[in-house]
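Written below as structure tokens is the structure these notes are about.
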Amino acid sequence: MKEDKDSRWFELERVPKDYIFSKEYRPQNVDSPACNSIPVIDLAITTKPVNIGHSQPAVEEIFKASQDFGFFQVINHGIPEKKVTDAMDVLKEFFDMQSKETATGGIPRKRGYIYTSSTDFMKDGVYLWRENIKHPCHPLEECVHLWPDQPTRYQEVIAAYLVEIQKLSSRILDMICEGLGLKQGYFKDTSEVQLLSSNFYPPCPDPTLTLGILPHYDPSLITLLYQGGSTGLQVMKDGQWVNVGAIPNAFVVNIGNQLEIISNRKLKSVKHRVVTSANETRRSIATFVNPSPDCIIEPAKILVNELEPSVYTASQYKDYVQRNKAFGDYTTAIQSALQSES
Ligand SMILES: O=C(O)CCC(=O)C(=O)O
Ligand SMILES: [Fe+2]
């Protein structure tokens with residue numbers, strides 16, 4: 001272990017025992033190759049005209065990927081690379097500025113964000129190998145000034161990134177809508193609120209002992225994730241953990257629990273986790289596209305019939321989040337931050 005008192009929590013030669021998971025949680029296949037079958041969908045082709053009555057090929061690809069995997073990646077998505085690299089840079093600066101002393105463990109009253117260091121997360125007494133920042137993003141103009149003001153470009157750069165994410169998520173949701181046979185705009189109310197969650201996973205001396213994020217399902221409608229060409233994200237497929245490929249400038253999209261409910265389980269919300277790496281730093285920006293807290297989530301009427309009865313009961317989104325402790329120990333803090341912004 002380094003003696004330097006300024007060194008950060010992860011600058012260690014060995015994994016401290018507080019970060020070592022029991023055998024049942026430890027990842028088995030951290031070095032296995034990426035799974036080539038997680039679909040990569042080219043959104044550029046959707047600009048070509050298609051015959052009336054025929055879906056764009058991407059609509060069918062997205063629908064099938066959402067049924068089979070609950071996960072896919074999109075390329076040629078139209079988001080300018082500079083907006084994304086600026087966001088990644090500003091978040092890198094933000095995490096570089098944090099130190100042990102600034103770990104908060106809660107949302108301070110006057111701040112519209114929550115920063116958590118590795119020791120703020122615990123599962124059965126074990127810490128995760130990551131730092132995280134979360135904040136509400138809706139309505140953008142009302143919450144932007146509550147985000148970190150250091151680095152000074154943070155608010156401007158992240159707001160510009162989120163404007164692009166909102167456009168991309170509505171485009172993808174329009175395609176999912178068409179795939180499900182729902183009327184256009186069906187997801188307008190259920191996709192109103194965005195929650196940004198950015199992660200920093202430093203290199204770990206022994207990735208076979210630790211986890212970046214525990215296996216979980218997203219409580220969102222959909223999630224758009226930028227992973228900056230790094231590895232570490234794993235998805236459960238047919239009982240096995242498979243690695244999501246690192247494709248520079250792609251976005252990973254996954255179906256969240258709310259879309260699984262609305263689609264009456266035609267589309268799947270799939271379990272995923274993040275493993276650590278011995279030499280690579282992973283940084284990611286997840287944007288959860290969520291219903292507003294009062295929105296009622298239930299299977300779409302036209303997807304329910306005698307042969308396919310409703311598999312879920314209706315529930316307000318805020319009740320769902322509380323009941324399922326959707327953000328773990330921070331559920332209440334995040335709920336109240338989202339409530340006060342909406
Ligand atoms: O960092 C990642 O890639 C995973 C993030 C994630 O799964 C989440 O925030 O829900
Ligand atoms: Fe997730």
Side-chain angles (χ1 to χ4, degrees), residues 10 25 27 30 34-35 38 66 69-74 84 87-88 91-92 94-95 113-118 120-121 123 128-137 158 161-162 165 169 193-204 207 210-237 241-260 267-277 280-290 320-321 324-331 334 338:
F10 50 86
Y25 278 104
V30 279
C35 166
I38 293 180
S66 306
F69 285 88
F71 266 82
F72 53 92
Q73 302 208 49
V74 291
V84 181
M88 290 294 273
L91 282 158
K92 175 182 184 309
F94 172 82
F95 284 114
Y113 68 94
I114 180 168
Y115 162 77
T116 43
S117 184
S118 63
D120 293 320
F121 291 98
K123 165 78 183 166
L128 293 178
W129 201 265
R130 77 155 182 176
E131 294 178 38
N132 175 268
I133 178 168
K134 279 192 181 54
H135 53 68
C137 314
I158 298 299
Y161 173 82
L162 282 160
I165 291 291
S169 68
V193 177
Q194 288 81 36
L195 175 70
L196 179 134
S197 176
S198 176
N199 300 293
F200 164 53
Y201 310 92
C204 171
T210 58
L211 278 176
I213 292 195
L214 286 157
H216 68 280
Y217 300 87
D218 284 357
S220 55
L221 183 72
I222 55 168
T223 305
L224 269 64
L225 178 86
Y226 187 76
Q227 53 172 4
S230 63
T231 58
L233 179 62
Q234 298 190 326
V235 170
M236 182 60 83
K237 175 73 179 152
W241 287 110
V242 296
N243 293 307
V244 175
I247 304 177
N249 205 26
F251 278 86
V252 178
V253 182
N254 64 290
I255 304 303
N257 294 347
Q258 308 314 308
L259 188 47
E260 178 173 301
L267 308 184
K268 280 201 206 92
S269 173
V270 167
K271 205 190 271 184
H272 52 287
R273 69 178 183 184
V274 171
V275 296
T276 61
S277 156
E280 212 187 272
T281 297
R282 176 181 175 84
R283 297 171 203 282
S284 66
I285 317 176
T287 311
F288 299 115
V289 178
N290 290 335
Y320 175 93
V321 168
N324 293 284
K325 286 259 161 278
F327 301 102
D329 291 347
Y330 296 98
T331 302
I334 288 171
L338 289 172

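Whatever order the structure lists ligands and atoms in, that order sets their numbers, starting from 1. In this text, all values refer to a predicted model and were calculated from it rather than measured experimentally.
Closest protein heavy atom to atom 9 (O) of ligand 1: Phe288 CZ, 3.6 Å. Annotation: atom 8 (C) of ligand 1 to nearest protein heavy atom, His216 NE2, 3.7 Å. With hydrogens left out, the protein atom closest to atom 3 (O) of ligand 1 is Arg282 NH2, 2.5 Å, a heavy atom. At the shortest separation from atom 4 (C) of ligand 1 among protein heavy atoms lies Val274 CG2, 3.5 Å.
Side-chain atoms of Glu260 come within 3.5 Å of backbone atoms of Ser269 as a donor-acceptor pair (strictly under, hydrogens ignored).
Remark: Tyr320 engages Asn257 in a side-chain hydrogen bond (donor to acceptor under 3.5 Å, both in side chains) (not counting sequence neighbours). Not counting sequence neighbours, Ser169 has no partner by the side-chain hydrogen bond (donor to acceptor under 3.5 Å, both in side chains) test. Partners of Arg283 according to the side-chain hydrogen bond (donor to acceptor under 3.5 Å, both in side chains) rule, which considers only residues two or more places apart in sequence or in another chain, do not exist here.
Residue Tyr201 has at least one heavy-atom neighbour below 4.0 Å for each of these atoms of ligand 1: 1 (O), 2 (C), 4 (C). The distance from ligand 1 to the heavy atoms of Leu225 drops below 4.0 Å at these ligand atoms: 2 (C), 3 (O). The Asn199 neighbourhood of ligand 1 comprises atoms 1 (O), 5 (C), with distances under 4.0 Å to a heavy atom of that residue. Atoms of ligand 1 lying under 4.0 Å from at least one heavy atom of His272, given by number and element, are 7 (O).
Looking only at side-chain heavy atoms (C-beta outward), Leu91 and Ile158 come within less than 4.5 Å of each other. Looking at Ile285 and Tyr161, their side chains come closer than 4.5 Å, going by heavy atoms from C-beta outward.
Between Thr231 and Asn243, the side chains place no donor N or O within less than 3.5 Å of an acceptor N or O (distance only, hydrogens not considered). Side chains of Ser284 and Asn199: a donor on one and an acceptor on the other come within 3.5 Å.
Between Gln227 and ligand 1 there is no heavy-atom distance shorter than 4.0 Å.
Atom-to-atom distance recorded for Ile247:CD1 and Ile38:CD1 is 9.5 Å, nearest 0.5 angstrom.
Less than 2.8 Å away from the Fe ion (ligand 2), the protein contributes these N/O/S atoms: His216 NE2, Asp218 OD1, His272 NE2.
The ring of Phe200 has its center closer than 6.0 angstrom to the ring center of Phe10.
Contacts between Asp218 and ligand 1 below 4.0 angstrom, taking non-hydrogen atoms only, involve the side chain exclusively.
The N/O atoms of Arg130, backbone and side chain alike, include none that comes under 3.5 Å of an N/O atom in ligand 1.
In this structure, Lys134 forms no cation-pi arrangement with Tyr113, as its terminal cationic atom is not both closer than 6.0 Å to the ring centre and no more than 45° off the ring axis.
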